[in-house]
Amino acid sequence: MRVYLDNSATTRTAPEVADAMLPFFVDKYGNASSIHSFGEAAKEALENAREQISKYINAEPDEIIFTSGGTESDNLAIKGAAYALKDKGKHIITSRFEHPAVLEVCQALEKEGFEVTYLSVSKEGFVDIEKLKESIKSDTILVTVMHANNEIGTIQDIEKIGSICMEKGIVFHTDAVQSVGKTPLDVKKMHVDLASFSAHKFHGPKGIGALYVRKKDKIKKLFQGGSQEMNLRPGTENVSGAVGFSTALKLLDEEDIKKMSELRNYLIDELLSIPEASLNGSRENRLCNNVNVSFSHIEGESILLGLDDKGIAVSTGSACTSQKLEPSHVLLALGVKPEDAHGSIRFSLSKYTTKKEIDYTINAVKTVVENLRKISPLS
Ligand code: PLP
């Protein structure tokens, strides 16, 4: 049996998405900026995709900028806003448990003379909104706080943060890469000015994402070379990717959220029946597909490899940083002890996950954890 439970790292491209994309490789392959009929066909598909994406998040089509994915959207949002607003102020607020695509951009900006406040996170995995309010200064130009965390799945009160920023006239960016299709998303209701998306996290293709840019908010483009994407992101448009992105959105179904939540709850309950296992992050306000558990006295990497031997794919810490053997910065920000952070495993489900796969996984985890503890020098 092969079980894929690493859907926060990436998802299987839905067959319907691949089918919808294919004509744009072999038939309608024109450059969307060309004015002949091949170009026009590509342009039409691109603009249809843009319109559907904008509808999904309650935005206008010309507020959607296609990018190569979440990392680029985060870079364009944060650096773009910082450079556009630097004459107004140089202070940025973020949180300690953001994805590296946000944290590393903030660190790079610090080297360029910007000042960044990194907000602490509660044990349950939520940004302290009172602290955020207290951190705002007269020269604060940007707040960037993620919608849902990629490691522990906690969902922040973006609407509340957004209304504080709106009141103070501060640009607000949210990294919504993990939340699409798993929790409601309405950029107007959430008062966000900038929001990052990535299609491969919800059964779309890799290499296409978007940045929502509210009309009135100015960002500076980071690359030179053309006037595509409202003159904010030059380069030949990824038409097949955009079609795949919008097709994946069309396939999202509330029933899947219900199904994933039930399986998630079942998996959490069963894993917590293992001695000295603890859930990382709140059970409430948590993504419907995220389970993150620490198993004391053993290394997450050993559990991961033991499960891989049984055909089960999971991750330790964030997939993007799993090359490093440092404890996850997210778990450390929550106050999890480094040794427990080392023993953590993230299981992330998708709409394709079945009860049979979860039962198989539960048995496998119980066996692997028991066997590892028998030989662990830490227990
Ligand atoms: N932001 C978050 C919260 C993520 O989980 C990821 C990917 O893991 C990214 C950004 C980066 O997205 P991409 O892989 O599309 O560059």
Side-chain angles (χ1 to χ4, degrees), residues 4-13 17 53 64-80 94-108 121 125-127 144-156 158 161 173-183 185 190 192 194-212 222-223 233 235 238 241-242 244-245 248-249 280-281 285-292 313-324 328-331 333-334 346-350:
Y4 185 75
L5 291 177
D6 202 10
N7 289 284
S8 296
T10 196
T11 57
R12 160 191 179 186
T13 304
V17 168
I53 295 165
I64 305 296
I65 310 299
F66 284 116
T67 66
S68 63
T71 303
E72 188 188 332
S73 296
D74 286 343
N75 272 264
L76 180 57
I78 300 166
K79 280 193 176 162
T94 188
S95 81
R96 284 204 202 142
F97 78 161
E98 299 293 314
H99 188 274
V102 167
L103 283 181
E104 287 185 18
V105 175
C106 289
Q107 285 153 7
V121 188
F126 299 105
V127 168
T144 170
V145 172
M146 70 200 315
H147 190 193
N149 184 274
N150 48 301
E151 292 192 35
I152 54 165
T154 49
I155 303 167
Q156 305 304 311
I158 292 301
I161 301 175
H173 166 247
T174 190
D175 176 332
V177 166
Q178 292 289 346
S179 48
V180 177
K182 307 195 182 77
T183 187
L185 224 164
M190 299 195 308
V192 301
L194 300 160
S196 303
F197 305 100
S198 179
H200 74 99
K201 305 291 187 184
F202 51 92
H203 307 292
K206 293 168 185 60
I208 183 88
L211 180 67
Y212 159 72
L222 302 183
F223 310 139
R233 201 274 189 171
N238 178 357
F245 186 152
L249 281 185
N280 294 311
N285 294 327
R286 184 182 193 104
L287 288 179
C288 57
N289 72 330
N290 177 291
V291 176
N292 187 315
V314 294
S315 80
T316 58
S318 165
C320 303
T321 54
S322 65
Q323 302 280 314
K324 304 180 202 160
S328 138
H329 73 283
V330 172
L331 298 183
L334 259 58
R346 178 185 70 185
F347 305 82
S348 46
L349 287 59
S350 83

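These values consider heavy atoms only, across backbone and side chains, with no hydrogens, waters or symmetry-generated copies. In each ligand, atom 1 is the first atom listed, and ligand 1 is the first ligand listed. Bear in mind that the values here come from a model prediction, so they are computed numbers and not experimental data.
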| task | Please examine the side chains of Gln178 and Asn149, heavy atoms only from C-beta on, and report whether any two atoms are closer than 4.5 Å. | result | no
Per-atom filter on ligand 1: closer than 4.0 angstrom to a heavy atom of Met146 are 3 (C)
Check: Does any N or O atom in Gln178 lie less than 3.5 angstrom from one in ligand 1, N or O only?
Finding: yes
The atoms of ligand 1 lying under 4.0 Å from a heavy atom of Gly69, numbered in the order shown, are 15 (O)
List the steps and the verdict of side chain to side chain contact (heavy atoms under 4.5 Å, CB included) for Val180 and His147.
CA-CA 10 Å; Val180 177; His147 190 193; over 6 Å; no
Taking only non-hydrogen atoms of Gly70 and a 4.0 Å limit, the atoms of ligand 1 in range are 12 (O), 13 (P), 15 (O), 16 (O)
Smallest heavy-atom separation, Arg286 atom then Asn292 atom, equals NH2-N, 3.2 Å
Within 4.0 Å of some non-hydrogen atom of Asp74, the atoms of ligand 1 are 1 (N), 10 (C)
Can you confirm, on distance only, whether ligand 1 has an N/O atom lying under 3.5 Å from any N/O atom belonging to Ser198?
yes
Numbered in order shown, the ligand 1 atoms found under 4.0 Å of a heavy atom of His200 are 13 (P), 14 (O), 15 (O)
Step by step, would you call Val105 with Lys79 a side chain to side chain contact (heavy atoms under 4.5 Å, CB included)? CA-CA 7 Å; Val105 175; Lys79 280 193 176 162; 3.6 Å; yes
The atoms of ligand 1 lying under 4.0 Å from a heavy atom of Lys201, numbered in the order shown, are 6 (C), 7 (C), 8 (O)
Note to self: Suppose we call two aromatic rings close when their centres sit under 6.0 Å apart. Are Phe245 and Phe202 close by that rule?
What the structure shows: yes
Going by the 4.0 angstrom heavy-atom rule, the piece of Thr71 near ligand 1 is both
Between His200 and Thr10, is there a side-chain donor-acceptor contact under 3.5 Å, judged purely by atom types and distance?
yes
Closest non-hydrogen contact found for Arg346 with Val314 is O-CB, 3.5 Å
